[in-house]
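All remarks here apply to the structure that follows.
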Amino acid sequence: MDFEFSDEQIAIRETIRELVQDRVAPRAAEIDQTAEYPKDIEKLFAENGILGIPFPEQYGGISGSSVTICMGIEEIAKACASSSLILAVQALGSYPILVAGSEEQKKRLCPPLASGEKVAAYALSETGSGSDAAAMKTRAKRYGNEYVLNGTKQFITHGSIAGTLVVFAQTDPEADHRGISAFVLERETSPWLAPKLEHKLGIRGSPTAQIVFEDVKVPAANRLGEEGAGFKIALAVLDRSRPGIGAQALGIAEGAFDYALNYVKERQQFGQPISTFQGIQFMLADIATQIEAARHLVYRAATKVDGKAPDLTKIAAMAKLFASDMAMRVTTDCVQLLGGYGYISDYPVERMMRDAKITQIYEGTNQIQRVVVARALLR
Amino acid sequence: MDLELAPEHAAFRSAVRELAQGVVRPLAAEVDRDHRFPAEAVAAAAAAGLMGVLIPREYGGAGMDALAFALCIEELAQACASTSVIVDVHTSVGSEPILLFGDEDQKRRWLPNLASGELLGAFALTEPASGSDAASLKATARRGGTGYILNGTKVFITNVGRAGLYVVFARTGPDERAAGVSAFLVPAESPGLRVGQVFQKMGLNGSPTGELVLEDVEVPGANRLGAEGQGFTVAMRALDSGRIGISGQALGIAQAALEEARDLMVERGHEQGDDFLLADMATRLESARLLAYHAAWLCSRGRSFTRQASMAKLHCTDTAMQIALDALQVAGEPGAVSGSPFERHVRDAKALQIYEGSNQIQRVVIARELLR
């Protein structure tokens with residue numbers, strides 16, 4: 001066993017920490033309040049190679065390791081959950097290509113994503129198809145060397161700003177989930193519409209779009225895998241992306257705890273810092289322990305991705321489930337530790353509590369994670 | 001980063017599992033019911049070298065690390081919690097202080113017999129009025145005879161009456177707190193040392209727990225462990241790695257309860273409500289396991305691990321309690337009948353939240369480290 005990051009990973013982490021401290025943390029409150037996508041931070045990440053983390057070197061990236069991706073997401077999420085999605089969704093939108101793409105597709109599609117020239121997104125959910133992904137209605141019909149897409153996708157993170165969009169659509173509606181195929185849409189040649197952005201509880205700086213396809217043409221060369229392989233690809237991608245959501249939750253919780261821990265040392269009541277009261281100390285001990293437990297599970301799942309372990313599906317679901325439930329509890333407790341100040345927007349912890357909520361919902365709700373874990377156990 | 005067990009650890013775990021499932025587990029229900037010491041199980045563990053996991057080869061042990069120790073206790077506890085605590089206390093707080101603080105003569109004299117299991121170790125710190133507040137202990141060791149004369153009453157001593165050697169903490173100096181405490185190696189046959197009341201408990205029934213009474217017990221100077229006044233340090237360091245063992249014990253009980261609940265569900269059918277409970281049990285157990293292994297990993301590298309050991313003990317034992325209760329809930333009424341493993345796990349798990357530093361004390365330790 002070895003619980004440490006490699007020297008190379010530590011070097012990447014130091015770079016990210018510095019950028020986050022200098023450039024991201026000071027922007028986090030404003031990003032939340034204005035609910036504007038931080039294009040400047042996207043550029044910052046692109047220029048510093050951070051968006052290349054999800055990709056191996058031969059496709060223009062710097063790593064491709066899930067452990068490194070999780071480490072990066074965690075570091076950014078400590079200060080700003082919205083900004084952490086810039087890396088997390090770059091990974092999510094690229095996994096289908098990396099998992100199921102041909103060599104030609106990877107060489108063609110990945111470099112502009114790795115350099116950050118283009119933003120990636122992943123379009124699976126629909127209004128009537130959330131946890132039940134197989135119920136999707138978006139249709140892809142083949143005409144010669146291209147497909148024509150029609151339909152609407154819901155809750156697509158970065159769907160409005162992406163240059164590259166992976167879309168799941170029915171090529172054979174009779175065949176249920178075996179009729180789903182995956183396509184890579186490039187905005188210049190296959191433009192989609194994003195008529196509506198959602199107003200949200202948290203991660204307000206990360207645009208969540210409804211996406212509409214009206215006779216959008218996609219070259220057959222941009223289909224990933226065989227026709228009908230889409231559902232399998234979607235599940236394989238979720239196995240790889242769930243540790244990243246765990247890492248995001250972990251970072252949010254750590255950011256909130258870091259703030260609250262300093263606060264209770266400073267805050268004086270009854271003539272002494274409130275950190276001297278055992279009731280407060282026990283809350284701190286429980287929070288730190290829960291964060292530590294979640295951290296190990298997240299990185300265990302990440303090493304399972306990198307090692308292509310047979311029990312990846314189960315461990316990835318566990319990591320996402322445990323870390324996101326932990327983050328919700330911990331951020332709520334951190335608001336409590338700050339009392340009235342925790343509840344107002346002059347302090348960051350209420351934002352972190354709002355940001356934490358989505359980690360229990362997206363990338364498969366925690367109820368779906370429990371279904372996945374139970375299925376693996378009861379097989 | 002590599003979070004899989006190394007081949008030698010994985011092989012060791014398999015070997016212990018085979019012994020635990022083959023020899024130890026079949027005795028577990030009876031040991032609990034009859035409140036009897038699982039002598040055959042302990043003998044089998046000794047024959048397999050498990051009593052000396054942490055003791056270096058030059059002193060007759062297996063020379064393995066803290067992670068191997070945690071794995072050993074985890075596997076034994078999955079089979080029988082009573083057996084696991086007997087081996088755990090012997091190996092960690094009963095033997096390790098000699099390894100860490102003993103001089104060469106003490107190591108050569110005591111470790112080979114502890115490693116072979118010929119001598120069973122025990123740890124006598126707690127007193128009736130000194131539990132979480134260990135520094136307030138009252139037992140005395142005054143200079144006299146060939147070294148010291150010990151007097152006092154120790155309580156909640158695991159392996160009492162079975163141990164051949166007790167690590168006893170007593171006051172040598174005028175300081176009324178930690179600085180006045182010293183550690184002694186006291187053989188069971190020492191005149192004046194006797195076993196007091198042996199307690200009836202709610203669980204861990206195969207593991208004797210009781211009072212150790214010291215009345216003018218003469219202990220040679222050569223049996224003082226560490227310097228005068230160093231006893232509290234000895235105790236705290238022993239408890240740090242003891243907590244790794246208890247974490248392993250918690251993981252084993254939890255794993256047993258989880259697997260039994262799972263098997264029952266497969267056998268009788270299951271709905272989503274129980275499925276979700278099972279998923280939560282397994283997820284929590286997985287998070288606890290790595291916390292324990294991380295503390296062990298740090299310990300075996302000679303790095304500071306106090307906070308991690310306390311976190312592991314806290315989370316693993318709270319997890320074991322919750323999983324034991326949830327498994328019993330899944331099992332329903334048949335699980336609550338005496339003789340069922342489900343109710344035994346609940347009774348066994350409860351002790352873990354209390355001993356080796358109650359979970360409230362773990363929170364004190366963790367908070368102290370955080371606020372430093």
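In what follows, chains are A, B, ... by sequence order, proteins preceding strands, each numbered from 1.
- Two residues are said to be in side-chain contact when any heavy atoms from C-beta on lie closer than 4.5 Å; A:Val371 and B:Gln272 meet this criterion.
- By the neighbour-count criterion of 12 heavy atoms within 6.0 Å, atom CD of A:Glu4 is densely surrounded, having more than that number from other residues, nucleotides or ligands.
- For the set B:His9, B:Gln308, B:His270, B:Arg368, the count of heavy-atom pairs under 4.5 angstrom toward chain A peaks at B:His270.
- Annotation: residues 309-316 of chain B contacts chain A through B:Met311, B:Leu314, B:His315 [non-hydrogen atoms, separation under 4.5 Å].
- By the 6.0 Å contact criterion, CZ on B:Arg177 is enclosed, its count of non-hydrogen atoms from other residues, nucleotides or ligands being greater than 12.
- Neither the backbone nor the side chain of B:Val365 comes within contact range of chain A, judged by heavy atoms closer than 4.5 Å.
- Surrounding CD of A:Gln272 are more than 12 heavy atoms belonging to other residues, nucleotides or ligands, all under 6.0 Å away.
- Contact annotation for residues 288-314 of chain A against chain B (heavy-atom separation below 4.5 Å, listed by residue number): A:Ala288, A:Thr289, A:Gln290, A:Glu292, A:Ala293, A:His296, A:Leu297, A:Tyr299, A:Arg300, A:Thr303, A:Lys304.
- Annotation for A:Leu377 and B:Ala282: closest pair CD1-CB, 3.5 Å, computed over non-hydrogen atoms.
- Neither the backbone nor the side chain of B:Glu259 comes within less than 4.5 Å of any heavy atom in chain A.
- Residue A:Ile280 does not touch chain B at all, counting heavy-atom pairs closer than 4.5 Å.
- Residue-environment remark: CD (B:Glu271) stays at or below the threshold of 12 foreign heavy atoms within 6.0 Å.
- Annotation: maximal heavy-atom pairing with chain B below 4.5 Å, among A:Gln278, A:Gln367, A:Gln369, occurs at A:Gln367.
- Between chain A and the options B:Leu290, B:Asp318, B:Leu298, the largest number of non-hydrogen pairs under 4.5 Å is found for B:Leu290.
- One finds a salt bridge joining B:Arg363 and A:Asp286 here, because a Lys/Arg side-chain nitrogen approaches an Asp/Glu carboxylate oxygen to under 4.0 Å.
- Heavy atoms of other residues, nucleotides or ligands lying less than 6.0 angstrom from CD of B:Glu4 number more than 12.
- Chosen from B:Ser287, B:Ala288, B:Ala367, the residue pairing most often with chain A at heavy-atom distances under 4.5 Å is B:Ser287.
- Distance check, rounded to the nearest 0.5 Å: CZ of A:Arg370 to CG of B:Leu277 gives 10.0 Å.
- Interface residue B:Asp280: only side-chain heavy atoms are found under 4.5 Å from chain A.
- Looking at every heavy atom in both residues, A:Met1 comes nearest to B:Trp297 through O-NE1, 3.0 Å.
- Within a 6.0 Å radius of CZ in B:Arg25, no more than 12 heavy atoms belonging to other residues, nucleotides or ligands are found.
- The shortest non-hydrogen separation linking A:Phe3 to B:His294 is CG-CD2, 3.4 Å.
- Between B:Met1 and A:Phe5, the closest heavy-atom pair is CE-CE2, 3.5 Å.
- Residue B:Arg289 does not touch chain A at all, counting heavy-atom pairs closer than 4.5 Å.
- Within a 6.0 Å sphere centred on OH of A:Tyr341, other residues, nucleotides and ligands contribute 12 heavy atoms or fewer.
- Heavy-atom contacts from other residues, nucleotides or ligands closer than 6.0 Å to CD of B:Gln21 number more than 12.
- Residue B:Leu258 does not touch chain A at all, counting heavy-atom pairs closer than 4.5 Å.
- The side-chain heavy atoms of B:Leu371 and A:Leu261, taken from C-beta on, include a pair separated by under 4.5 Å.
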